[in-house]
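Here the structure is laid out as structure tokens; the discussion comes afterwards.
Keep in mind that this is a model prediction, so the values were computed, not measured. We number each residue from 1, following the sequence as shown. Start at 1 and go down the list; that is how both ligands and their atoms are numbered.
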Amino acid sequence: MVREIVIWPDPVLKQVAKPVDRVDDGIRRLLDDMAETMYAADGVGLAAPQIGELLRCIVIDTSPRQEGQRLIHLVNPEIVEADGTTTYTEGCLSIPGEAEEVERAAKVRVRALDREGAPFELECEGLLAIAVQHETDHLDGVVFVDHLSSLKREVIRRRMKKLKSERATETADELRRAVAHKSAL
Ligand code: NI
């Protein structure tokens, strides 16, 4: 099921997500919803807090931008090694329409549980390494604009507030139209 993506700033995006105790059907359903939501929004990655679930779950799919990649599920991910630095112009599904350069480690090694609850480790570089760092940040209540200057962050914050109020107005208009339509029957 495609879920609604929380738009920054929002208190849920500032909280530290809880570790998953057991990878059961409920968690697999959450991972499936996350993947569907990510694909529907044309994203490369999504963290559970972005759909309002404070659990340490991530989905990433950097294909076709990165060859040989596919959908990966990471439960309780932990970056155990990081090497080098790189900059990449990042965006975020919770901060639509914004993109800024962020400095990250060029390579990371991540340890996590898979969709079946089995532990694995993954060497990541390129876009995958960036996505892993961006998404694990989300689990710790950090978004990419937290890596920018406070000036840039405040400009983006104002634009997001405007976007949210526009969306709220649209929703109210739709509701009014629906009600008007019903009473016209
Ligand atoms: Ni993001």
Side-chain angles (χ1 to χ4, degrees), residues 1-20 27 30-66 69-79 82 85-108 110 112 115 122 124-164 167:
M1 186 175 74
V2 173
R3 308 265 292 261
E4 194 181 336
I5 296 174
V6 176
I7 303 299
W8 179 86
D10 188 288
V12 79
L13 296 174
K14 290 202 76 154
Q15 291 183 54
V16 177
K18 288 184 202 70
V20 170
I27 293 297
L30 172 64
L31 292 166
D32 291 345
D33 281 359
M34 288 168 62
E36 261 190 75
T37 306
M38 172 183 76
Y39 288 128
D42 202 18
V44 165
L46 189 81
Q50 292 182 274
I51 56 166
E53 304 280 355
L54 282 167
L55 288 166
R56 302 189 80 80
C57 293
I58 287 171
V59 293
I60 293 174
D61 188 349
T62 56
S63 70
R65 278 177 252 195
Q66 207 174 8
Q69 292 301 326
R70 56 182 175 83
L71 174 64
I72 50 172
H73 306 96
L74 298 124
V75 175
N76 298 343
E78 230 185 299
I79 293 171
T85 55
T86 186
T87 54
Y88 187 83
T89 305
E90 293 185 26
C92 178
L93 293 178
S94 291
I95 313 176
E98 304 291 338
E100 292 287 342
E101 261 194 9
V102 177
E103 191 177 297
R104 305 266 187 195
K107 287 182 183 181
V108 295
V110 65
R115 212 176 172 281
L122 194 64
C124 314
E125 53 183 18
L127 183 55
L128 180 59
I130 307 238
V132 163
Q133 292 171 84
H134 177 118
E135 303 309 335
T136 48
D137 261 4
H138 272 301
L139 304 182
D140 293 323
V142 175
V143 289
F144 84 89
V145 295
D146 291 321
H147 293 281
L148 307 177
S149 70
S150 58
L151 184 68
K152 273 189 180 171
R153 186 164 52 248
E154 288 318 305
V155 170
I156 295 174
R157 191 191 299 272
R158 278 200 294 277
R159 282 204 289 259
M160 287 304 111
K161 284 195 166 161
K162 189 160 170 271
L163 178 85
K164 280 208 233 192
R167 285 188 179 182

Per-pair distances, 0.1 Å, donor-acceptor, side chain in residues 45-61, under 3.5 Å, sequence neighbours excluded:
residue, atom, partner, partner atom, Å
Q50, OE1, A47, N, 2.9
Q50, NE2, S94, OG, 2.9
E53, OE2, R3, NH2, 2.5
R56, NH1, A17, O, 3.0
R56, NH1, L139, O, 3.1
R56, NH1, D140, OD1, 3.3
R56, NH2, D140, OD1, 2.9
D61, OD1, S63, N, 3.0
D61, OD1, S63, OG, 2.7
D61, OD2, Y39, OH, 2.5

Within 6.0 angstrom of K161 NZ, more than 12 heavy atoms from elsewhere = no
For the residue pair V145 and K152, establish whether any side-chain heavy-atom pair is separated by less than 4.5 Å.
-> no
With a 4.5 Å limit on heavy-atom distance, are the side chains of V44 and H134 in contact?
-> no
Do the side chains of H147 and E100 get nearer than 4.5 Å, heavy atoms only?
-> no
Any protein N, O or S atom under 2.8 Å from the Ni ion (ligand 1)? Found C92 SG, H134 NE2, H138 NE2
Is a side-chain N or O of E36 found less than 3.5 angstrom from the main chain of M1, in a donor-acceptor match?
-> yes
